[in-house]
Asker: 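Here it is, the structure, as structure tokens.
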Amino acid sequence: MNLLLKSSIVNQQSAIAITGSKSETNRLLLLQALYPNLILENTSNSDDSEVMIKALQSNQEIINVHHAGTAMRFLTAYFSIQEDREVLLTGSSRMKERPIKILVDALRQLGAEITYEGNDGFPPIRIKGRKLTENKVSLAANVSSQYISALLLIAPKLENGLQLTLEGKITSVPYIKMTLSLLNEMGVQTSFVENIISVTPFFLAAKPLSLTVESDWSSASYFYSIIALSEIGTEITLSSYKKDSFQGDSVLAEIYKDFGVETTFKDNSIKIKKTVSRQLLTVNCELNNAPDIAQTIAVTCFGLGIACHLTGLHTLKIKETDRLLALKNELEKLGANVSVTNDSLALEPPAPNFVVAGNVAISTYQDHRMAMAFAPLALKTNIIIEDAEVVSKSYPDFWDDLKTIGFQIQEV
């Protein structure tokens, strides 16, 4: 399904209820599988979370997670401790190109029995669940936080808990802290001192424990972009959000001040409002802790006609697509001048009187964030989003919510 987004103006005041965080939901779904007395509220309705639910409830030998990278990593750890259970964990063709070796090696240090069915270091993998009694493991600190979180989520169920040593400079700290905070909410004792994380064994009491999932900050990023590209005075209220969020992408509220967007927290909601027109020359962001908002920021800068230099993006090359290359390709279709390295993106300032090219078809590369990051440009020109249904991976209601706030969208 391709969608034409016609040049639009956002309603001056709108309100959107955004589904629960995919990151929090998938962590809590795994914990719920380990501790069935856990009750979850406001869970994500994303494809990724549906994949997690289906996999955790399945009794089949073959578990296919399709494009869901989070599910692949978390389930690798989960099935490693399911005694007397053997599964073949697989995914899409792209998933079979995404590395899993770092996590597999760490689980093997703990005694897990995992073998590769195809290329060494990549899915599909065969896992023979067993009781893991080793409790010390180490891995590089600059790897995807999902490898680290996968280990931490099963740690309370390990007989001797877990002591995880991270070697080198730690990246994606907020996502590690999110995992530890969710464990703490359940009552699990943890510590994170310098480069050592410890988790003690835990047994949840028989009475139910209810936890509410915060709405997804990554999904909020597209509305921050929309407000940044809108007229002064435009505002949108988004729910449900916490000022002291666990989510790394909550840094949006601070970053988008540079674009004249003000964030106000009230009653578990945020009001985002365009208050001033900032005449910036260049936006510089180090996004080690929030790489998923890089696409949104780059497109916002392009739409505003300013330059940007984004760093800390090394994990983007192994996402649903090589996001850095995809960004470069699609922004250049619109007339941008972009350069990328293995961990950075630079957008050059446009020439005077530059006009964004219209009716350009944006390829999405089976990547939900490509579709959503480029959608706000409809405030500047007509734009076509190819394979627009890909947004269901994290935000199935995205296009309906854009229509609610005033976007003109039709299928082509």
Side-chain angles (χ1 to χ4, degrees), residues 1-8 46-48 66-69 91-98 218-219 221-222 225-226 229 287 291-304 308 310 313-348 350 354-403 407-412:
M1 176 182 71
N2 296 344
L3 293 181
L4 170 63
L5 280 59
K6 295 183 178 180
S7 187
S8 306
S46 66
D47 284 355
D48 275 15
H66 306 287
H67 301 307
S92 64
S93 57
R94 172 61 180 168
M95 187 60 63
K96 293 174 183 177
E97 297 172 349
R98 299 178 68 178
S218 303
S219 296
S221 72
Y222 313 113
S225 183
I226 287 166
L229 296 174
L287 296 172
D292 281 345
I293 59 175
Q295 289 147 294
T296 313
I297 293 170
V299 174
T300 303
C301 288
F302 175 70
L304 291 172
C308 70
L310 310 179
L313 308 181
H314 61 282
T315 59
L316 295 191
K317 297 188 75 65
I318 59 168
K319 295 286 187 176
E320 284 80 352
T321 185
D322 179 338
R323 285 181 174 165
L324 292 176
L325 183 59
L327 261 177
K328 175 179 169 64
N329 290 344
E330 302 314 302
L331 283 170
E332 287 180 346
K333 285 182 184 178
L334 294 158
N337 186 359
V338 182
S339 59
V340 298
T341 68
N342 281 333
D343 69 346
S344 70
L345 178 144
L347 169 68
E348 298 300 322
F354 172 78
V355 177
V356 179
N359 293 308
V360 171
I362 299 299
S363 300
T364 51
Y365 304 82
Q366 296 184 321
D367 184 353
H368 54 134
R369 300 208 187 282
M370 287 295 291
M372 293 185 284
F374 277 85
L377 287 181
L379 298 175
K380 297 295 181 181
T381 187
N382 290 357
I383 193 167
I384 297 168
I385 304 294
E386 297 180 343
D387 301 320
E389 69 278 4
V390 74
V391 301
S392 65
K393 178 175 170 60
S394 65
Y395 191 170
D397 300 326
F398 181 69
W399 301 118
D400 288 337
D401 285 348
L402 287 197
K403 290 177 183 176
F407 275 65
Q408 300 178 60
I409 302 174
Q410 68 183 54
E411 193 169 343
V412 292

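What's counted below: heavy atoms across the whole structure, side chains too, no hydrogens, waters or symmetry copies. By convention here, the first residue in the shown sequence is residue 1.
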Asker: Tyr395: which residues meet the ring pair (Phe, Tyr, Trp, His ring centres under 6.0 Å) condition with it, sequence neighbours left out?
Answerer: Phe398

Asker: Are Phe302 and Leu377 side-chain neighbours, meaning at least one heavy-atom pair lies under 4.5 Å?
Answerer: yes

Asker: Would Cys308 and Leu345 count as a side-chain contact (heavy atoms from CB on, under 4.5 Å) here? Give the steps.
Answerer: CA-CA 8 Å; Cys308 70; Leu345 178 144; 4.2 Å; yes

Asker: Quick check: closest heavy atoms across Leu334 and Phe354, and the distance to 0.1 Å?
Answerer: O-CZ, 3.5 Å

Asker: How long is the gap from NE2 on His66 to OG on Ser93, to the nearest 0.5 Å?
Answerer: 12.0 Å

Asker: I'd like to check the side-chain hydrogen bond (donor to acceptor under 3.5 Å, both in side chains) partners of Glu411; sequence neighbours left out, ordered by chain and number.
Answerer: none

Asker: Quick one: does any side-chain atom of Ser46 pair with a main-chain N or O of Ser394 as donor and acceptor, under 3.5 Å?
Answerer: no

Asker: Grab the two heavy atoms, one from Ala68 and one from Lys393, that are nearest each other, plus how far apart they are.
Answerer: CA-NZ, 3.5 Å

Asker: Within the side chain of Gln408, is there an N or O that forms a donor-acceptor pair under 3.5 Å with the backbone of Lys6?
Answerer: no

Asker: As an exercise, state the distance from CG of Asn2 to CD of Glu389, rounded to the nearest 0.5 Å.
Answerer: 8.0 Å

Asker: Take Val391 and Thr364 through the side-chain contact (heavy atoms from CB on, under 4.5 Å) test and state the conclusion after the steps.
Answerer: CA-CA 10 Å; Val391 301; Thr364 51; over 6 Å; no

Asker: Does Asn382 reach the main-chain N or O of Ser7 with its side chain, forming a donor-acceptor pair under 3.5 Å?
Answerer: yes

Asker: Of Leu327, Val340, Leu287, which meets side chain to side chain contact (heavy atoms under 4.5 Å, CB included) against Leu313?
Answerer: Leu287

Asker: Supply the atom-to-atom distance Ser218 OG to Met372 CE, rounded to the nearest 0.5 angstrom.
Answerer: 8.5 Å

Asker: Given side-chain contact (heavy atoms from CB on, under 4.5 Å), test His314 with Asn342 step by step and report yes or no.
Answerer: CA-CA 6 Å; His314 61 282; Asn342 281 333; 5.9 Å; no

Asker: Can you give me the closest heavy-atom contact between Ile383 and Val360, atom names plus distance?
Answerer: CG1-O, 3.7 Å

Asker: Any side chain to side chain donor-acceptor pair (under 3.5 Å) involving residues 326-335? Give me the pairs, sequence neighbours left out, ordered by first then second residue.
Answerer: Lys328-Glu332, Asn329-Tyr365, Glu330-Lys333, Glu330-Tyr365, Lys333-Ser363

Asker: Using 0.5 Å steps for rounding, measure from the CG atom of Leu304 to the OG atom of Ser225.
Answerer: 7.5 Å

Asker: So, does Asp387 use its side chain to make a donor-acceptor pair with the main chain of Val390 at under 3.5 Å?
Answerer: no

Asker: Find the distance between NZ (Lys403) and CG (Asp397) and round it off to the nearest 0.5 Å.
Answerer: 11.5 Å

Asker: What heavy-atom pair brings Arg323 and His368 nearest, and what distance separates the two atoms?
Answerer: NH2-NE2, 3.5 Å

Asker: Can you list the residues that meet the side-chain contact (heavy atoms from CB on, under 4.5 Å) rule with Lys380, with sequence neighbours excluded?
Answerer: Leu229

Asker: So which heavy atom on Ala336 is nearest to which on Leu347, and how close?
Answerer: CB-CD1, 3.8 Å

Asker: Which residues pass the salt bridge (charged side-chain N to carboxylate O under 4.0 Å, His left out) test with Asp47, sequence neighbours left out?
Answerer: none

Asker: Is any side-chain N of the basic residue among Asp322 and Arg94 closer than 4.0 Å to the acidic one's carboxylate O?
Answerer: no

Asker: Rounded at 0.5 Å granularity, tell me how far CD in Glu97 sits from OG in Ser92.
Answerer: 8.5 Å

Asker: Please give me the minimum heavy-atom distance between Leu402 and Ala375, naming the atom from each residue.
Answerer: CD1-CB, 3.9 Å

Asker: Stepwise, does the side-chain contact (heavy atoms from CB on, under 4.5 Å) test hold for Asn359 with Leu4?
Answerer: CA-CA 8 Å; Asn359 293 308; Leu4 170 63; 4.1 Å; yes

Asker: Sequence neighbours left out, what passes side-chain contact (heavy atoms from CB on, under 4.5 Å) with Ala373? Give chain and number order.
Answerer: Tyr222, Gln295, Thr296, Val299

Asker: Trp399 side chain to Ala388 main-chain N or O, any donor-acceptor pair under 3.5 Å?
Answerer: yes

